[in-house]
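Structure first, commentary second.
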Amino acid sequence: MEIRTRFAPSPTGFMHLGGLRTALYNYLFARKMGGKFILRIEDTDQDRYVEGATEVIYDTLKGCGINWDEGPDVGGPCGPYVQSERKSLYLPYAKQLVEKGAAYYCFCTKEELDERRAAAEAKGEVFKYDKHCLNLSKEEIEEKLASGIPYVIRMNCPTTGESTYHDVVFGDMSFPNDTLDDMILIKADGMPTYNFANVVDDHLMGITHVMRGMEYLSSTPKYNLLYNAFGWEIPEYVHLTTVMRDSQHKLSKRDGDAYYSDFIEKGYLKEALINYLALVGWNPGDEREFFTMDELVEAFDINRLNNAPGIFDMDKLTWFNAEYIRKMPFEDYLATVTPWFDKVLAGTNTDYRRLAELMQSRTEVFNRVPDMVRFLAEMPEYDLELYYNKKMKSDSQVALENLQFILPVLESIPEWTETVIHDKVMEAIAAAGKKNGAVLWPLRIAISGQASTPGGAFEIAYLLGREETMKRLNAALGKLSENA
RNA sequence: GGCCCCGUGGUCAAGCGGUUAAGACAUCGCCCUUUCACGGCGGUAACUCGGGUUCGAGUCCCGACGGGGUCACCA
């Protein structure tokens with residue numbers, strides 16, 4: 001039998017990382033098994049409609065290399081793949097259930113229900129619909145229906161016994177039936193609820209494996225009741241654990257760390273993000289950590305899914321990102337980092353190519369780049385303390401002396417290239433019998449104003465250019481002698 | 001609160017009755033080196049707690065504690 005999985009997001013305008021991982025796992029499993037991966041848009045809540053939200057879903061998935069075989073844009077044998085376009089299809093199914101006694105019309109208004117719920121909560125009880133409308137006579141129902149009183153259709157859950165099902169990651173799950181609420185299948189506006197549409201669509205679309213977040217663990221018995229009432233085959237369930245920010249919080253919108261777009265904007269690479277995400281809650285069973293999408297497909301196994309929630313570790317993601325950046329072909333890195341250089345170096349004539357060579361092994365996340373190179377555009381304020389470095393045998397006194405020593409050497413450099421600067425300076429240092437560090441450390445501080453820089457004195461001097469280097473050097477000398 | 005799930009270092013995580021309890025990130029130290037980064041080497045650090053079962057328990061059972069989920073005309 002062909003394996004068919006699906007990702008069924010609702011268009012909210014954002015792609016949550018947890019959702020992305022769900023999509024990824026569905027995709028990986030389908031590909032691994034040679035099956036089909038379906039994209040379905042669940043937009044039955046008209047109040048939540050967001051303009052352009054489906055495009056966000058398409059773009060994110062496509063950008064990550066998660067391609068679907070059937071979906072709203074590519075079509076397929078089970079279309080349409082947007083729930084709002086399937087609206088008319090659900091009511092007949094609900095009515096079928098009513099005829100079978102597995103569901104019933106309910107005329108209780110939302111307000112009445114809210115009141116009863118509040119009353120129950122006030123008493124510290126769990127509110128459960130009391131099946132009030134189940135007791136209506138056929139005549140009463142006909143009459144209300146005929147007079148146009150708004151209604152919903154609810155499922156009729158058993159109140160005794162227990163429901164059991166098997167989940168691939170959690171094993172056998174068992175729930176007392178008296179905890180099951182008669183959930184609404186068709187809303188007063190005629191639209192199906194998520195709960196109902198989901199079951200009907202999964203069946204109609206031939207979904208064999210339902211992979212979704214574990215928040216559905218406890219409503220699954222109700223879905224199974226529905227499948228059974230219809231006489232449909234129950235799919236395999238694969239409930240995925242939640243991706244957490246820390247042990248008590250999910251990844252949240254508030255912290256700006258929940259959405260795919262947040263990470264892309266910060267300068268995380270989608271390959272790194274996908275790679276890391278795949279590993280939160282799943283592992284290949286060996287020690288591999290780096291995976292291309294194809295390798296992920298090859299290695300993926302739903303039996304190795306973890307059943308304990310995983311915390312999304314920003315540090316580890318950042319490490320993955322840095323590793324991916326280091327492995328980027330240089331030209332790709334240059335192209336990607338250029339706009340980040342531009343943020344602070346746009347007016348300068350900095351050699352981006354050379355800077356990029358220096359920066360590639362030092363870039364963890366692209367949004368950290370501007371702060372690292374800003375000193376090239378503008379000499380930062382710095383403290384004289386920076387000249388002190390025990391290991392380099394440098395302090396402000398030594399700095400003054402050695403900077404005065406190196407100034408004429410630099411002035412006489414015939415050609416301002418890195419190698420010439422390097423050779424001439426090293427020559428002079430050796431000739432004077434000085435220590436490399438005692439000259440080079442102060443020099444780098446003098447022209448960068450920073451304790452650490454991407455590259456040493458020669459690289460920075462080259463990048464700055466002769467004019468700017470001399471300008472900064474003279475300024476440093478002034479500052480040093482002033483305080484001597 | 002009812003019901004359900006989960007519990008190995010700070011984090012991810014291997015382990016499926018007998019191991020010196022892997023590995024990765026983070027952290028710390030050393031080496032390389034004109035800083036930082038990269039790279040190399042090494043260190044610190046864990047089975048939530050009680051009871052059982054067993055010759056033997058991180059692995060099985062029960063309980064406690066802790067964390068999470070769910071109880072909508074949201075999905």
Side-chain angles (χ1 to χ4, degrees), chain A residues 8-10 12 42-45 47-48 83 106 108-110 113-114 117 121 124-128 150-154 167 169-171 173-176 178-181 183-189 191-195 197-198 213-221 239 241-242 244 246-250 276 279-283 285-287 289 306-320 322 326 358-364 372 386 389 391-392 394 422 425-426 429 435-445 448 450-460:
Chain A
S10 53
T12 59
E42 309 219 332
D43 59 347
T44 54
D45 184 3
D47 295 340
R48 281 217 223 168
Q83 275 178 345
C106 173
C108 296
T109 66
K110 194 167 191 302
L113 259 20
D114 286 345
R117 198 185 329 273
E121 274 167 20
E125 291 168 5
V126 178
F127 176 76
K128 212 184 124 185
Y151 68 89
V152 300
I153 295 179
R154 324 182 75 109
D167 183 273
V169 342
F170 292 98
M173 301 287 297
S174 201
F175 297 82
D178 63 10
T179 61
L180 270 27
D181 195 17
M183 65 180 183
I184 289 170
L185 268 21
I186 300 290
K187 299 186 260 190
D189 65 0
M191 285 290 242
T193 55
Y194 159 83
N195 297 301
N198 203 260
M214 65 174 284
E215 60 266 29
Y216 299 104
L217 226 35
S218 51
S219 42
T220 299
H239 285 101
T241 54
T242 315
M244 310 287 285
D246 56 49
S247 66
Q248 37 246 83
H249 304 279
K250 295 197 221 185
Y276 176 60
L279 263 14
V280 180
W282 173 82
N283 75 81
D286 53 40
E287 282 176 11
E289 287 204 288
N306 235 96
N307 60 5
I311 294 173
F312 189 87
D313 184 350
M314 210 65 80
D315 286 338
K316 183 105 189 202
L317 196 225
T318 298
W319 175 75
F320 266 108
R326 282 173 215 129
L358 260 12
M359 286 294 290
Q360 187 161 6
S361 72
R362 287 167 242 250
T363 307
E364 293 188 301
M372 294 170 74
L386 276 187
N389 185 302
K391 200 175 160 202
M392 294 301 130
S394 165
H422 173 274
V425 170
M426 290 305 261
I429 291 174
K435 301 285 290 180
N436 289 346
V439 177
L440 268 13
W441 171 271
L443 175 56
R444 195 181 56 79
I445 297 300
S448 72
Q450 294 185 170
S452 71
T453 49
F458 304 124
E459 289 86 351
I460 304 304

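Since the model is a prediction, treat every value here as computed from it, not as a measurement. The chains referred to below are lettered A, B, ... by the order of the sequence lines, with proteins before strands, and numbering in each begins at 1.
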Q. Looking only at side-chain N and O atoms, does A:Lys187 come under 4.0 Å of OP1 or OP2 in B:rA75?
A. yes
(Q) Under 4.0 Å, counting only non-hydrogen atoms across every strand here, what does A:Ser174 touch: a base, just sugar-phosphate, or nothing? (A) sugar-phosphate
Q: Go through the structure and list residues passing side chain to side chain donor-acceptor pair (under 3.5 Å) with A:Asn195, not counting sequence neighbours.
A: A:Tyr223
Q.
Can you tell me which nucleotide in B:rC73, B:rA22, B:rG2 comes closest to the side chain of A:Glu287?
A. B:rA22
Q) Taking only residues two or more places apart in sequence, or in another chain, which ones meet A:Gln360 in a side chain to side chain donor-acceptor pair (under 3.5 Å)? A) none
Pull out every protein N or O sitting under 3.5 Å from an N or O of nucleotides 60-67 of chain B, one pair per line with the distance.
unit_1	atom_1	unit_2	atom_2	d
B:rG67	O2'	A:Ser247	O	2.8

Q: State whether A:Ser448 places a side-chain N or O below 4.0 Å from either non-bridging phosphate oxygen (OP1 or OP2) of B:rU35.
A: no
Q) Taking NZ from A:Lys316 and P from B:rG10, how many angstroms apart are they, rounded to a whole number? A) 16 Å
Q.
A:Tyr276 vs A:Phe312, test: side-chain contact (heavy atoms from CB on, under 4.5 Å). Steps then yes/no.
A. CA-CA 9 Å; A:Tyr276 176 60; A:Phe312 189 87; 3.6 Å; yes
(Q) Closest approach to the side chain of A:Thr44, judged atom by atom: which nucleotide of B:rC25, B:rC6, B:rA75 is it? (A) B:rA75
Q: Could you check whether A:Met173 gets within reach of a base, just the sugar-phosphate, or nothing at all, counting any heavy atom under 4.0 Å?
A: sugar-phosphate
Q) What nucleotide, of B:rC4, B:rC25, B:rG69, holds the atom closest to the side chain of A:Pro176? A) B:rC4
Q: Flag the pair A:Met426 / A:Phe458 as yes when at least one side-chain heavy-atom distance between them is below 4.5 Å, and no otherwise.
A: yes
Q: Would you indicate what A:Ile184 reaches in the nucleic acid, counting non-hydrogen atoms under 4.0 angstrom: base, sugar-phosphate, or nothing?
A: base
Q) Base, sugar-phosphate, or nothing for A:Ala188, non-hydrogen atoms under 4.0 angstrom? A) base
Q: Establish whether the base of B:rU35 is bridged to the side chain of A:Lys391 by a donor-acceptor pair shorter than 3.5 Å.
A: no
Provide a list of protein-nucleic acid N or O atom pairs under 3.5 angstrom, restricted to nucleotides 36-39 of chain B.
unit_1	atom_1	unit_2	atom_2	d
B:rC36	O2	A:Arg362	NH1	2.3
B:rC36	O2	A:Thr453	O	3.3
B:rC36	N3	A:Arg362	NH1	2.2
B:rA37	O2'	A:Ser361	O	2.6
B:rA37	N3	A:Ser361	OG	3.4

**Q.** Partners meeting side-chain contact (heavy atoms from CB on, under 4.5 Å) with A:Asp167 (sequence neighbours left out)
**A.** A:Tyr165, A:Val169, A:Phe170, A:Met173, A:Leu217, A:Tyr237, A:His239
Q: Remember a base hit wins even if backbone is also touched, and classify A:Phe320 as base, sugar-phosphate or nothing at under 4.0 Å, heavy atoms.
A: nothing
Q | For atom CG of A:Asp181 and atom P of B:rC4, their distance in whole Å | A | 17 Å
(Q) Taking the nucleotide of RNA chain B with the nearest heavy atom to each, does A:Thr179 or A:Thr193 sit closer to the 5' end? (A) A:Thr179
Q.
Going by salt bridge (charged side-chain N to carboxylate O under 4.0 Å, His left out), name the residues that satisfy it together with A:Lys316, two or more places apart in sequence or in a different chain.
A. A:Glu289
Q: Please state how far atom CG in A:Asn389 lies from atom P in B:rU34, giving the value in whole angstrom units.
A: 12 Å
Q: Could you give me the CA-CA distance, side-chain angles and deciding distance for A:Leu279 and A:Phe320, then say whether side-chain contact (heavy atoms from CB on, under 4.5 Å) is met?
A: CA-CA 11 Å; A:Leu279 263 14; A:Phe320 266 108; 3.8 Å; yes
Q: List in chain and number order the residues that pass side chain to side chain donor-acceptor pair (under 3.5 Å) with A:Ser174, two or more places apart in sequence or in another chain; answer none if no residue qualifies.
A: A:Glu162, A:Thr164
Q.
Counting C-beta onward and ignoring hydrogens, is there a side-chain heavy-atom pair between A:Leu440 and A:Ile429 closer than 4.5 Å?
A. yes
(Q) Under 4.0 Å, counting only non-hydrogen atoms across every strand here, what does A:Met392 touch: a base, just sugar-phosphate, or nothing? (A) sugar-phosphate
Q: From the options B:rC3, B:rA26, B:rC6, select the nucleotide whose nearest atom is closest to the side chain of A:Phe175.
A: B:rC3
Q: Would you please enumerate the stems RNA chain B participates in, each stem being three or more consecutive Watson-Crick or G-U wobble pairs with both distances under 3.5 Å?
A: B:1-7 with B:65-71, B:10-12 with B:23-25, B:27-31 with B:39-43, B:48-52 with B:60-64
Q: Only counting residues at least two apart or in another chain, list the ones meeting side chain to side chain donor-acceptor pair (under 3.5 Å) with A:Arg444.
A: A:Thr453
Q: May I ask you to verify if any side-chain N or O of A:Arg117 is less than 4.0 angstrom from the OP1 or OP2 atom of B:rC73?
A: yes
Q | From A:Arg117 atom CZ to A:Lys128 atom NZ, the distance as rounded to the nearest 0.5 Å | A | 13.5 Å
Q.
Heavy atoms from C-beta onward define the side chain here; which of B:rG69, B:rC71, B:rU11 lies closest to that of A:Val126?
A. B:rC71
Q. For atom C1', what is the distance between B:rG58 and B:rC47, given to the nearest Å?
A. 4 Å
Q.
I'd like to check the ring-ring contact (aromatic ring centres under 6.0 Å, His included) partners of A:Tyr151; sequence neighbours left out, ordered by chain and number.
A. A:Tyr105
Q: From the options B:rG68, B:rU34, B:rA75, select the nucleotide whose nearest atom is closest to the side chain of A:Met214.
A: B:rG68
**Q.** Non-neighbouring partners of A:His249 that pass ring-ring contact (aromatic ring centres under 6.0 Å, His included), sequence neighbours left out
**A.** none
Q) Which residue lies toward the 5' end of RNA chain B, A:Leu317 or A:Phe312, if each is placed at its nearest nucleotide? A) A:Phe312
Q. Distance check: side-chain N/O of A:Asn307 vs OP1/OP2 of B:rC6, anything under 4.0 Å?
A. yes
Q) Whole-Å distance between B:rA26 C1' and A:Met314 CE? A) 14 Å
Q) Which nucleotide, B:rA75, B:rC73, B:rA24, lies nearest any side-chain atom of A:Tyr216? A) B:rA75
Q. Between B:rC73, B:rA75, B:rC5, which one does the side chain of A:Lys110 approach most closely?
A. B:rC73
Pull out every protein N or O sitting under 3.5 Å from an N or O of nucleotides 14-16 of chain B, one pair per line with the distance.
unit_1	atom_1	unit_2	atom_2	d
B:rA14	OP1	A:Asn283	ND2	2.6
B:rA14	OP1	A:Asn306	OD1	3.4

